[in-house]
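Every heavy atom of this structure was used, including side-chain atoms; hydrogens, water molecules and symmetry mates were not. We name chains A, B, ... by the order of the sequence lines, and we start the count at 1 in each one.
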Protein chains: 2
Amino acid sequence: MQRYRQLQIKLTPQRLAILSYLNGNKTHPSAEDIYKAVKKQFPTMSFATVYNTLEALKNRGGVMELKIDDKRKRYDPDSTKHHHFICTKCRSIVDIFKDYKLSLPDELKKGFDVTGNSIEFYGTCRKCKKGSEQ
Amino acid sequence: MQRYRQLQIKLTPQRLAILSYLNGNKTHPSAEDIYKAVKKQFPTMSFATVYNTLEALKNRGGVMELKIDDKRKRYDPDSTKHHHFICTKCRSIVDIFKDYKLSLPDELKKGFDVTGNSIEFYGTCRKCKKGSEQ
DNA sequence: GAGTTATTTTAGAATTATTCTCAGTTGATA
DNA sequence: TATCAACTGAGAATAATTCTAAAATAACTC
């Protein structure tokens, strides 16, 4: 919870429930996933609160917004630099921790400042591969 | 136009106008951009036609759907393998043609089949960099 | 611990991108 | 040039997200 104090946001019970749901969560949930989970504890929870909290966290680096799903935004509580593998069969998302050193092609090197990059791998995950081999 | 015949879709005047707008277009337009542009020639053009055509093209590899913009889908008529640079100041998107050989970290290598990857670079583009140096 | 205040919560409305519907039209093929 | 599956288009439907404004409250001060 120390971590949350550092966020410098008002710690309401609703926000703590959202933070606790996100903490260590590797499923890359959507706003709706979060809403549904937290609504169990706080039946009056509204989407506005979910989105407000996510916005506040985003601005403070407490969560990353992923544009991986073309239907809805997904959120990743791990804001340390990493990439993603997306299974094209089951749509699951796996974190990839590896520091790829990527530089722009020579003709763009001058003039462009690169501050970061994000890689998405596509393919078949372990589970789906096993499943199809049966 | 030879290229379009190969797509095996019915070539209606509306579709030809969309194809002609997309052909060589490096702006990564949204459905609305396409709609507005083509509506000039075909005032009765509807969004349904734009989306139908994009769907048909997508399925045949004639266009790529980009999840680069968190507000709306963007479309890229260049479906050859390439990556993108997104300027965090002016939001412009620049194509990056370079074949980065990326492999998963060792612990994921077995079990995962990678069929492709997509890289987004973030930073300041040439124009914005120049602008801020004035 | 009580008072103050700026921030947050919430229900519901509003907005926006995308998809759907279905009647009327048309490109492609024979 | 007739046929028909595929396409167009106006508008309605859907779904994710944002906005609104009144009531509630966390955090700060004394």
Side-chain angles (χ1 to χ4, degrees), chain A residues 1-2 4-22 28-60 62-76 91, chain B residues 1-2 4-22 28-60 62-76 91:
Chain A
M1 291 297 166
Q2 195 53 39
Y4 304 151
R5 300 224 165 276
Q6 297 165 358
L7 292 171
Q8 314 239 27
I9 57 173
K10 248 171 130 170
L11 288 180
T12 66
Q14 292 87 341
R15 286 183 166 179
L16 286 169
I18 292 172
L19 285 163
S20 137
Y21 174 74
L22 286 176
H28 309 82
S30 65
E32 194 184 5
D33 294 334
I34 299 169
Y35 171 75
K36 280 185 181 164
V38 177
K39 201 176 174 63
K40 288 176 193 160
Q41 280 176 70
F42 293 92
T44 64
M45 166 70 51
S46 82
F47 264 106
T49 299
V50 174
Y51 281 110
N52 281 346
T53 302
L54 288 170
E55 180 66 20
L57 291 174
K58 232 183 354 174
N59 294 337
R60 290 164 178 79
V63 81
M64 277 202 324
E65 197 174 276
L66 306 182
K67 287 171 293 188
I68 269 178
D69 186 328
D70 57 329
K71 295 290 180 201
R72 73 207 91 241
K73 291 174 185 167
R74 302 285 214 103
Y75 297 89
D76 191 335
R91 297 270 111 204
Chain B
M1 290 299 163
Q2 194 51 39
Y4 303 150
R5 300 222 166 278
Q6 297 166 359
L7 292 170
Q8 313 239 28
I9 58 173
K10 245 171 134 172
L11 288 180
T12 66
Q14 291 88 341
R15 287 183 164 180
L16 285 170
I18 291 173
L19 285 164
S20 137
Y21 175 73
L22 287 175
H28 308 82
S30 65
E32 195 185 3
D33 294 333
I34 298 169
Y35 171 75
K36 279 184 182 165
V38 176
K39 203 175 173 61
K40 287 176 194 162
Q41 279 175 71
F42 293 91
T44 63
M45 166 72 47
S46 83
F47 265 105
T49 299
V50 173
Y51 281 110
N52 280 346
T53 302
L54 288 171
E55 180 66 21
L57 291 175
K58 233 184 352 177
N59 293 338
R60 292 165 177 79
V63 82
M64 278 201 327
E65 197 174 276
L66 307 182
K67 287 171 293 191
I68 269 178
D69 186 329
D70 57 331
K71 296 291 179 198
R72 73 206 92 243
K73 293 175 185 165
R74 301 285 213 104
Y75 296 89
D76 191 335
R91 298 269 112 206

Shortest non-hydrogen contact from A/Ala31 toward A/Val50: O-CG1, 3.8 Å
Side chains of B/Val38 and B/Thr49 in contact at under 4.5 Å (non-hydrogen atoms): no
Base, sugar-phosphate, or nothing for B/Pro43, non-hydrogen atoms under 4.0 angstrom? nothing
Taking atom C1' of C/dT16 as reference, at what distance in whole Å does atom OH of B/Tyr51 sit? 10 Å
Closest approach to the side chain of B/Gln14, judged atom by atom: which nucleotide of D/dG9, C/dG27, C/dT19 is it? D/dG9
Nearest-nucleotide comparison on DNA chain D, the residue closer to the 5′ end among B/Arg15 and B/Lys39: B/Arg15
Within this structure, what is the CD1-to-P distance between B/Ile34 and D/dG9, rounded to whole angstrom? 15 Å
side-chain N/O A/Thr12 vs D/dT25 OP1/OP2, d < 4.0 Å: no
B/Glu65 and A/Asp70, any side-chain heavy atoms less than 4.5 Å apart: yes
Of all the nucleotides listed (D/dA26, C/dT10, D/dG9), which has the minimum atom distance to the side chain of B/Thr44? D/dG9
Would you say B/Lys73 places a side-chain N or O within less than 4.0 Å of OP1 or OP2 belonging to C/dT19? yes
Separation of C/dT16 P from B/Asp70 CG (nearest whole Å): 15 Å
Counting the atoms with a prime plus P, OP1 and OP2 as sugar-phosphate, which does A/Thr49 contact under 4.0 Å by heavy atoms, base, sugar-phosphate, or nothing? base
Any B/Arg72 side-chain nitrogen or oxygen under 4.0 Å from OP1 or OP2 of C/dT18: no
Here the distance between atom C1' of C/dT9 and atom CG of A/Leu54, to the nearest Å, is 15 Å
If you go through the side-chain atoms of A/Lys10, does one of them form a donor-acceptor pair with the base of C/dT7 closer than 3.5 Å? yes
When the distance from NZ of A/Lys36 to C1' of D/dA16 is rounded to whole Å, what number comes out? 13 Å
Going by salt bridge (Lys or Arg N to Asp or Glu O under 4.0 Å), A/Asp69 matches just one of A/Arg72, A/Lys71, A/Lys73. Which one? A/Arg72
Rounded to the nearest 0.5 Å, what separates atom CE in A/Met45 from atom CD in A/Gln14? 5.0 Å
I need the CZ-P distance between B/Arg74 and C/dT18, as an integer number of Å. 11 Å
Under 4.0 Å between a side-chain N or O of A/Lys71 and OP1 or OP2 of C/dT19? yes
Round to a whole Å and report the spacing from CG of B/Leu11 to C1' of D/dA6. 12 Å
Rounded distance in Å - CG (B/Asn52) to P (C/dC20): 10 Å
